[in-house]
Amino acid sequence: MKKDIPHADSIQQLLRQRELLLIEYNAEKEEFRRQAQSLGLHRKVKRGDAWWPVAVGRTYYNSLNQPVVEILRTDDTDIEHNFEFGRPVVFFLADPAGSASAEVRYLDFTATVSYAEPGRMVVALPDAARAAALQSAEAARLGVQLSFDETSYRLMFEALDRTTQATGSRLAYLRDLFASAARPQRFSFTPQRFPWLNASQEHAVNDILLAKDVAIVHGPPGTGKTTTLVEGIAETLRRESQVMVCAQSNMAVDWISERLVDRGISVLRLGNPTRVNDKMLSFTYERRFEAHPDYPELWGLRKAMRELRGQRRKSDAFHQKMDRLRSRATELEVRINADLFGQARVIACTLTGAANRLLDGQTFGTLFIDEAAQALEPACWIAIRRAHRVVLAGDHCQLPPTVKSVEALRGGLGRTLMERIVDRHPECVTLLTVQYRMNEQIMQFSNQWFYGGMITSAPEIRYRGIFDLDTPIVWVDTRDVPDAQEQFVGESFGRINKAEAELTLRALRAYFLKIGRARLLDERIDVGIISPYRAQVQHLRALIRRSDFFRPFRHLISVNTVDGFQGQERDVIVISLVRANAEGQIGFLNDLRRMNVAITRARMKLIILGDAATLTQHTFYRRLYEQTRVVDGAELLAPPAPDASTAPVDAPTAPPVATEEA
């Protein structure tokens, strides 16, 4: 290990990160307090931050010996919620009369989400007595809402302090290396061949294997970043007994874990998955713990201990028996954990999950961080302390980390560790250069603007399309559409443009008519409708639910924000940009990385709806507008086929959105 890397810069960098993180913490805590006081209960429900009313299901002890309760949603399950594993929640009682300003009384404890589905979640309680309080609550009044998450911030502050204070360790070495101009070390051996990968993917896997300190896989949209990372993990496991794989979000951890399991690699997933299915659950720590042959005995011991405590007779015999039970239970728990961690080749968790007490004392030869460009630097250091070397994968030209404080963002909190290493050590970066998702015309604008024209399309998808003579990109200009103006509906939801939402569905309906009902259903042509604003997303969802025309195709249509579509792709993508005003203000559409995500989700067809007069005042949107086929949105307002809601989907007529080349 080198001893001569200066560390003053790295210490200052981390101290600055701590200052900015504190600013973000205070700003988010104050915003949460303000919203908790000012937002009505119905607004919280619509935002997905509360369920009300709820029903209480069964209560039991989970594999971690925590008392848990099942909470069942009885409100509108079409509203996407924000509950997920590890988030703190509070319970409340509210007047069932339904007034938005109804008085809310909070129960005096905080619980933690263990498991969340669209209409059901399991919540870990601080003690068993709380379960009885919930069971006795009046069902029509009981609700649950998210609480401020102190834990993640505490873990990030601890990680920064630990990293700043490190001396003479591998953690201190990596800290100083990432901030210095010293070249990271590499092994020396002949690169391996991987004929099933393309040249840039093969190069990336070899760079992972050659790196002693750090390697970065830069994966633009559709270039097979996950495929490359899985191959890199598999090859690393030929040299190491176990690795750690982390990501910022549970969804990203789920995705790569599932791919590793498909590859035949044993994964132990700490924390419950977001994508709840039997396949995902089968490799979680809790499910494997409960499936262990020693678990029935451990469960019996825990039950006996609970019953003994309930007797409340604290004699010498009581303490002796409790000590014997506790000693045997601890022995079994240690044995089960040793078996589970000993059998797993990959330990997978979120970055904050890397602080799990189950990992105390464990270190790994290699840490892989997926979607590293979406992770705050302090979160990365939570996991890096457990590793000898680090491999980061992601794309800093796509979604950035979420930073709510403008002051912290301007100070640089949104600048990720991956970006910092890319700037300091470009020799560690491998760019994946062949994309397998998009028609080449859809790819081209993003390629030129963000990637310097270095990305090429795989020959087999270069001309992919739903029709031979289709135009892959269409911009429906809404400037002449009556009432197509944005409306502000609150800080949490942003803006809405109802006329543009109606036009969005007209444009999609026109394309569906052209494709035909039979083909849509037989080929399962899937569609993503994206808007940067939550209010527009919810309005579009409501319009689709009320539409008879789209009823047969609802299972093929997803509507979400840009963030909600990160990592996904669809045959057809329709984007509603919302902004339309005389001042040319476009708000956070100025974050071009979000637009990069939106326009690169489409495989074969991209339809953009927006007010060109407003948007093209920005260079990015002007160039995009100039490189697409433009359709006057007002033309779509012509009366559709008779009885639009029930017209046959394979009718030959279609409005002049004209998806063929003229």
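What's counted below: heavy atoms across the whole structure, side chains too, no hydrogens, waters or symmetry copies.
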Fill in: Salt-bridge contact Arg259-Asp262 (side-chain N to carboxylate O under 4.0 Å)
no

Discussion item. Run the ring pair (Phe, Tyr, Trp, His ring centres under 6.0 Å) test against His81 and tell me which residues pass, sequence neighbours left out.
Written reply: Trp51, Phe83

Discussion item. Taking the six-membered ring for Trp, are Tyr115 and Phe85 closer than 6.0 Å centroid to centroid?
Written reply: no

Worksheet entry | Short side-chain donor-acceptor distance under 3.5 Å, Arg570 and Ser558 | yes

Worksheet item: Mind checking whether Lys225 and Val230 have side chains closer than 4.5 Å, heavy atoms only?
Response: no

Discussion item. The criterion is side chain to side chain contact (heavy atoms under 4.5 Å, CB included); which residues satisfy it with Thr628, sequence neighbours excluded?
Written reply: Ile473, Trp475, Leu624, Val630

Item to complete: Verify whether one side chain among Arg462 and Thr456 offers a donor that lies under 3.5 Å from an acceptor in the other.
Response: no

Worksheet item: Do Asn581 and Thr614 have a side chain donor and acceptor closer than 3.5 Å?
Response: no

Item to complete: Please check if any side-chain donor atom of Asp149 sits under 3.5 Å from a side-chain acceptor atom of Ser152, or the reverse.
Response: yes

Discussion item. We want to know whether Gln374 and Gln566 form a side-chain donor-acceptor pair, criterion being a heavy-atom distance below 3.5 angstrom.
Written reply: yes

Worksheet item: Checking Asn439 side chain against Gly465 main chain: does a donor-acceptor pair fall under 3.5 Å?
Response: no

Discussion item. Quick one, Leu41 with Trp52, criterion side chain to side chain contact (heavy atoms under 4.5 Å, CB included). Give me CA distance, side-chain angles, the key distance, then yes/no.
Written reply: CA-CA 8 Å; Leu41 181 53; Trp52 179 73; 3.4 Å; yes

Item to complete: Start with the C-alpha gap between Phe565 and Gln568, add the side-chain angles, then the distance that decides, and say whether side chain to side chain contact (heavy atoms under 4.5 Å, CB included) holds.
Response: CA-CA 5 Å; Phe565 270 101; Gln568 300 185 43; 4.2 Å; yes

Worksheet item: Does the side chain of Ser457 come under 3.5 Å of the side chain of Gln435 through a donor N or O and an acceptor N or O?
Response: yes

Discussion item. Quick test of your reading of the model: are Arg479 and Asp611 salt-bridged, counting only N-O distances below 4.0 Å?
Written reply: no

Discussion item. Can you confirm if the NZ or CZ of Arg519 lies within 45° of the ring axis of Phe467 and under 6.0 Å from the centre of its six-membered ring?
Written reply: yes

Item to complete: Please answer whether the main-chain N or O of Glu500 pairs with a side-chain N or O of Thr478 as donor and acceptor at a distance below 3.5 Å.
Response: no

Worksheet entry | Side chain Asp480, main chain Ala634, donor-acceptor under 3.5 Å | no

Worksheet item: Under 3.5 Å, is there a donor-acceptor pair linking the side chains of Arg534 and Asn560?
Response: no

